[in-house]
Amino acid sequence: MNEIRSYKIAIIGQGYVGLPLSLEFSIYFPVLGFDINTERIDQLNNGVDVTLEADIKKLNESLKKYEDSNGEIGYKGTSELNDISDCNIFIVTVPTPIDKYKTPDLSSLISASKMLGEIIKKGDIVIFESTVFPGCTEEECVPVLEKYSELKFNEDFFVGYSPERINPGDKVNTLTNVKKVTSGSTKEIADEIDNLYKKIIIAGTHQASSIKVAEASKAIENAQRDVNISFVNELALIFDRMGIDTNDVLEAAGTKYNFLKYKPGLVGGHCISVDPYYLAHKAEQLGYYPEVILSGRRVNDSITKFIASKVVKLLISKSKVIKNSQTLILGITFKENCPDIRNTKVIDIYNELEEYGIEVDIFDPWANKLEVKHEYGVDILDRIPDDKKYDSIIIAVSHKEFLTLDYKKMKKENSVIFDTKACIDRSLVDARL
């Protein structure tokens, strides 16, 4: 690393990606974590992280280090743009979701670029980590930075792209333990950015040949996983018609040395169910319709309807009246043992069942009730009621708390239990994905 240069880093966005990144860099540099959510910043400055991604001890140590050193090293959160104006490295980790038409929503990314354009100075570097389509950084973000800064790209300021690889809730494959792809707008800047990340990434870095290559690498990481899961989800649809258990088939096939052991399931979250649309969007702009990627998306999106209709069919087979029957869905987050509800597909099961006239309760000990209400307009239970029994129970997320529940105590006579994760004793369930 260029030891002559003194870095002061601002990380834009203090969520699942930005906060862990801030804390790692704060070991070596002064870091200001910027977020427009003032409540989030207040929580962080008081040592509270509702995402459960941060090491709270590390957060508090870094906050104290910043205070004791008078901002020479350590971490502090802020919502004030003026606070980060004297930084020289800006790392953007804002969300890049899709809209209701399943096209890229770059509004937060463009807003962040506009904001940074108002404060960047000669020699500053802006590094983007948000998932985008190949070409987005240079085609969409750079012109905004140039316009609002009135500085010249690659003469006055520089950019890089280093895709995030955070896996929410994963305490093994953490930020520092996963190799980091880096890139820069010039060879010199690419080297500088690569050396910057090498400071914190134990697993090492991979310097891509261009920003566009780095962007594409992120897009295909999750598109590949999405397509593989769509294959086993399609198998689940086929094997259901055959009356055989998908997990039994996968267990048998998995005895071959080169069989990939993907499992069927709900594909939600901020990456796998979103990133393929970014790649498809760019492909369609270039006149190519991506058959495999989009067919995989259609299969994965269809699984929620299959689960809902399968539960209804099972209820009918047990002579249950569907209208006003009572269902308990266990889990609302997009994955197990994690509070992240972004783009969860469980809500689609909820909506499908409600269309059948079924009364649906949701319980999730990991999810924030207020966040679920704000995001999806649904009230979830504080606890599983002792005085209520259900006609059907759907295990949507395999939280550790659900693995030891007394399911017999929770269900009515002739009730249905559907296990989407194949996570409990199969003798208890009527069907599983």
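Numbers here are sequence positions counted from 1. What you see is a predicted model, and the numbers here were worked out from it, not measured in a lab.
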Between [Y] and [X], does any NZ, NE, NH1 or NH2 come within less than 4.0 Å of an OD or OE carboxylate oxygen?
X: Asp35; Y: Arg40; result: no
X: Glu375; Y: Arg342; result: no
X: Lys76; Y: Asp83; result: no
X: Asp430; Y: Lys411; result: no
X: Asp240; Y: Lys313; result: no
X: Lys282; Y: Glu215; result: no
X: Lys369; Y: Asp379; result: no
X: Asp348; Y: Lys305; result: no

message = Set out, in order, the CA-CA distance, both residues' side-chain angles and the distance that settles side chain to side chain contact (heavy atoms under 4.5 Å, CB included) for Ile125 and Leu196, then state yes or no.
response = CA-CA 11 Å; Ile125 301 174; Leu196 177 66; over 6 Å; no

Any side-chain to backbone donor/acceptor pair from [X] onto [Y]? Under 3.5 Å, distance only.
X: Ser230; Y: Asn300; result: no
X: Thr182; Y: Ile193; result: no
X: Asp340; Y: Pro168; result: no
X: Glu129; Y: Thr93; result: no
X: Lys335; Y: Gly269; result: no
X: Asp124; Y: Phe90; result: no
X: Tyr376; Y: Ile341; result: yes
X: Thr327; Y: Ile393; result: no

message = Is it true that, when you exclude Glu284 itself, more than 12 heavy atoms of the residues, nucleotides or ligands shown sit nearer than 6.0 Å to its CD?
response =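 Result for CD/Glu284: enclosed.
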
request  = Using a cut-off of 6.0 Å, state whether more than 12 heavy atoms not belonging to Gln285 lie near its atom CD.
outcome  =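 Above 12, so yes.
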
request  = Could you check if a side-chain atom of Ser22 sits within less than 4.5 angstrom of a side-chain atom of Phe34, using non-hydrogen atoms only?
outcome  =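 Side chain of Ser22 against side chain of Phe34, heavy atoms only: no contact under 4.5 Å found.
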
query = Once the angle between the rings of Phe402 and Phe363 is folded into 0 to 90°, is it parallel (under 30°), tilted (30 to 60°) or perpendicular (over 60°)?
reply =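 If you compare the ring of Phe402 with that of Phe363, the planes turn out tilted.
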
query = Between Tyr277 and Phe133, does the ring centroid distance fall short of 6.0 Å?
reply =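 So the answer is no for these two rings.
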
request  = List the steps and the verdict of salt bridge (Lys or Arg N to Asp or Glu O under 4.0 Å) for Lys218 and Glu164.
outcome  = CA-CA 8 Å; Lys218 172 61 177 179; Glu164 60 89 3; 3.7 Å; yes

query = Of the options Tyr197, Tyr75, Tyr7, which is the one that meets Phe25 in a ring-ring contact (aromatic ring centres under 6.0 Å, His included)?
reply =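 The single option meeting the ring-ring contact (aromatic ring centres under 6.0 Å, His included) with Phe25 is Tyr197.
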
